[in-house]
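Proteins come first, then strands; the chains are lettered A, B, ... in the order of their sequence lines, and each starts at number 1. Fair warning: this is a prediction, and the values are worked out from it, not measured in the lab. Values below: every heavy atom of this structure, side chains too, minus hydrogens, waters and symmetry copies.
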Number of protein chains: 2
Amino acid sequence: MALPNTYRDDETRYRLQSVERALDTLELLGAAGPDGVTLTELTERLSVSKSTAFALLQTLITRGYVADSGSRLSRRYRLGMALAKLGDAAEEQSPLIGLATPVLRSVTAATGLTTRLVLPEGPYAVVAARVDAPGTVRFASYLGKREYPHCTSAGKALLTALPAERARALAVEAGLPVRTSRTITDPDALLRDLEVSAARGYAIDDEEDSEGVFCVGAAIYDRTGECVAAISGTGLKLNRPTWRLDELGVAIREAADQITTALGGPPFAERAGSRTPGSEQDTERQDG
Amino acid sequence: MALPNTYRDDETRYRLQSVERALDTLELLGAAGPDGVTLTELTERLSVSKSTAFALLQTLITRGYVADSGSRLSRRYRLGMALAKLGDAAEEQSPLIGLATPVLRSVTAATGLTTRLVLPEGPYAVVAARVDAPGTVRFASYLGKREYPHCTSAGKALLTALPAERARALAVEAGLPVRTSRTITDPDALLRDLEVSAARGYAIDDEEDSEGVFCVGAAIYDRTGECVAAISGTGLKLNRPTWRLDELGVAIREAADQITTALGGPPFAERAGSRTPGSEQDTERQDG
DNA sequence: CGTGGTATTCGGCTATACCGAACAATATTC
DNA sequence: GAATATTGTTCGGTATAGCCGAATACCACG
């Protein structure tokens, strides 16, 4: 190496190369679907030598974090059960997730909706926990999925907690791509929608993100009054044509309130009317 | 210098030390509960230097696998959300778990029981997936929990798939400790119970493992006719005094059948009467 | 029976991960 | 309020652990 730089980049100081590669391996396998990945595939995607990839896999396999299937030749590797175990423990250790999951279960049992807990990450909302409704063929709703702020109920719910200016900035940062014919793509229209949602205590996505799919979402606040998360309930219109979005919205709002109060935050009733100032835009009649 | 044994133990060949330590760290944090662990605690439990433990944590933290809470000094570390994400992916990738989870959800929704998928591990049954019933204050039912074969419905269900001698041997190996006043501690009595359970298609644990708690379980078979897992449903007698164990048992049996047939295995009706296959069954190729 | 694709094994080189010790920052004690 | 105890963080030297490249073993086609 020509570079005599004995000191490492500040970003990578105190970070162990082989551990990072092991994590890369796991994440790669996780994104790879049930068919798994082959050793040579891994080799090139990690840009390491075959023997290195092999050693990584050996280590992870003997500990149960990676499972190998397929016989001898053209073996395929996928994530192992030890990870499911750790993931479970991680969920319980996260105060928010541990608190929210039982509530989500109740809502799902009562309403038949698939429920989720999402956290803000930049302008997006990422799924942190979920309780799938029975019979669901499983939405494309894996943990860690990033959802748009402008066309999902959870994303909107997060925005309702912010001053109008900030909400607009975030939505614009994420972009407002068209997802269905009903997607709100105009920032001003979105802000009006948020106004209504905030007053109502829950946000609605009525086939704005995906055809035939609706959801309702509500924000969660901690003791400092900061919005830290949101929950949402999702349903398919096909399954049951006569959902009552207003009733479901209230159910979600109350569930969110339950979590909020558990965190010591202000419930909906206390927040009512005190929508974050920002610009007090005149409300124009919204036509469809 | 005395060059010590350049060749490593066969057990540890091709295994990366730092990766193993990282995994040790995660497992340690996972077992530590929501309060987490402090750096010095970790240092001594891993028997590594403080700086090493620090580097491990840094790596895991920047990748989101460990979260730190508590301010500056006396910081506490717990598992991070990246693990929940991977664990979720691992569940979907496991063919058995991915298959069983939707079924478990249906059973839970229909019956109100907390349902589990368990796998055999030596003489024990370890929990591989679970769907908690709403309102459950959460049993001590974390993923990876080992359950006794003699006093849990899932454990018994696994035993029903084995020849009597083997079932007895396993139960004895695990021991038959007293758990409640109703625990079966006599191997012969257990075998009689298994006989009945096999004929019925499901096993019952009526407060044999824990006071006030019952469960029903049934075995799952793959295409080779081997029992590979079992599912169980658990309920609290306190909550609802009038459970119908027979109905619940049938529900569990049918759910197990559903998974079994999905795997290409023999459902209950076909197994009836043929307890203890014991004899040699031809290996049937699955060409085409 | 070769050919091309895999997974393993080997041995050497050096970058890497380890340690010990000093440093900094916060509590706790007097 | 200074002294002490206990924790997290930084640093440099060192040898070991991890990386690579090449050679080998294995299997499935043609």
A.B. asks: Thinking salt bridges, do A:D88 and B:K145 make one under a 4.0 Å N-O criterion?
C.D. replies: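 A salt bridge is absent here (no side-chain N lies under 4.0 Å from a carboxylate O).
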A.B. asks: When you get a sec, tell me which of C:dT6, C:dA17, D:dC19 is the closest nucleotide to the side chain of A:T38?
C.D. replies: C:dT6
A.B. asks: Toward the 5' end of DNA chain C, which comes first, A:S18 or A:V37, by nearest nucleotide?
C.D. replies: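 Of the two residues, A:V37 wins.
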A.B. asks: By nearest heavy atom, map A:T40 and A:V19 onto DNA chain C; which one lands nearer the 5' end?
C.D. replies: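 It is A:T40, whose closest nucleotide lies nearer the 5' terminus.
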A.B. asks: Compare side-chain N and O positions of A:S51 against OP1 and OP2 of C:dC10 and report whether any pair is under 4.0 Å apart.
C.D. replies: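 Negative; the distance criterion is not met.
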A.B. asks: Just how far, in rounded Å, is C1' of D:dT7 from CG of B:L57?
C.D. replies: 14 Å
A.B. asks: Go through C:dG20, C:dA7, D:dG21 for me and flag the one nearest to the B:S49 side chain.
C.D. replies: C:dG20
A.B. asks: Between D:dG8 atom P and B:D68 atom CG, what is the distance in whole Å?
C.D. replies: 11 Å
A.B. asks: Taking the minimum atom-to-atom distance to the side chain of B:F54, which one of C:dT6, C:dC19, D:dT9 wins?
C.D. replies: D:dT9
A.B. asks: To the nearest Å, how far apart are B:I61 CD1 and D:dT9 C1'?
C.D. replies: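 Taking CD1 of B:I61 and C1' of D:dT9, I get 12 Å after rounding.
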A.B. asks: Just the rounded figure in Å: distance from C1' of D:dG8 to CG of B:L42.
C.D. replies: 13 Å
A.B. asks: Can you tell me if the side-chain N/O atoms of A:R75 get under 4.0 Å from OP1 or OP2 in D:dC27?
C.D. replies: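 Indeed not, no polar side-chain atom of A:R75 lies that close.
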A.B. asks: Report yes if a side-chain nitrogen or oxygen of B:Q17 is closer than 4.0 Å to either non-bridging phosphate oxygen (OP1 or OP2) of C:dA17; otherwise report no.
C.D. replies: no
A.B. asks: Examine C:dT16: is either OP1 or OP2 under 4.0 Å from a nitrogen or oxygen in the side chain of A:R15? Give yes or no.
C.D. replies: no
A.B. asks: How many Å lie between CZ on A:R21 and C1' on C:dA15, as a whole number?
C.D. replies: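 For the pair A:R21 CZ and C:dA15 C1', the rounded distance is 11 Å.
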A.B. asks: Which of these passes side chain to side chain contact (heavy atoms under 4.5 Å, CB included) with A:L119: A:L158, A:V127, A:L96?
C.D. replies: A:L96
A.B. asks: What's the shortest heavy-atom distance between B:A128 and A:M81, and which atoms?
C.D. replies: CB-SD, 3.8 Å
A.B. asks: Do any side-chain nitrogens or oxygens of B:T52 fall under 4.0 Å of OP1 or OP2 in C:dC19?
C.D. replies: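 B:T52 to C:dC19 OP1/OP2: side-chain N or O found under 4.0 Å.
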A.B. asks: I need the CG-C1' distance between B:L56 and D:dG8, as an integer number of Å.
C.D. replies: 15 Å
A.B. asks: Provide, to the nearest angstrom, the distance between the OH atom belonging to A:Y14 and the C1' atom belonging to C:dC19.
C.D. replies: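 Whole-Å distance recorded here is 13 Å.
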A.B. asks: With the threshold set at 4.0 Å, does a side-chain nitrogen-carboxylate oxygen contact exist between B:D35 and B:R76?
C.D. replies: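 Judged by the 4.0 Å cut-off on N to carboxylate O distance, B:D35 and B:R76 do not form a salt bridge.
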A.B. asks: Considering every strand and a 4.0 Å limit on heavy-atom distances, what is the contact class for B:R76: base, sugar-phosphate, or nothing?
C.D. replies: nothing
A.B. asks: Do A:K50 side-chain and D:dG21 base share a donor-acceptor contact under 3.5 Å?
C.D. replies: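 Checked by distance alone, the answer is no.
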A.B. asks: Output the rounded distance in Å from CD (A:E20) to P (C:dA15).
C.D. replies: 19 Å
A.B. asks: Using a strict 4.0 Å threshold on nitrogen-to-oxygen distance, state whether A:R75 and A:E41 make a salt bridge.
C.D. replies: no
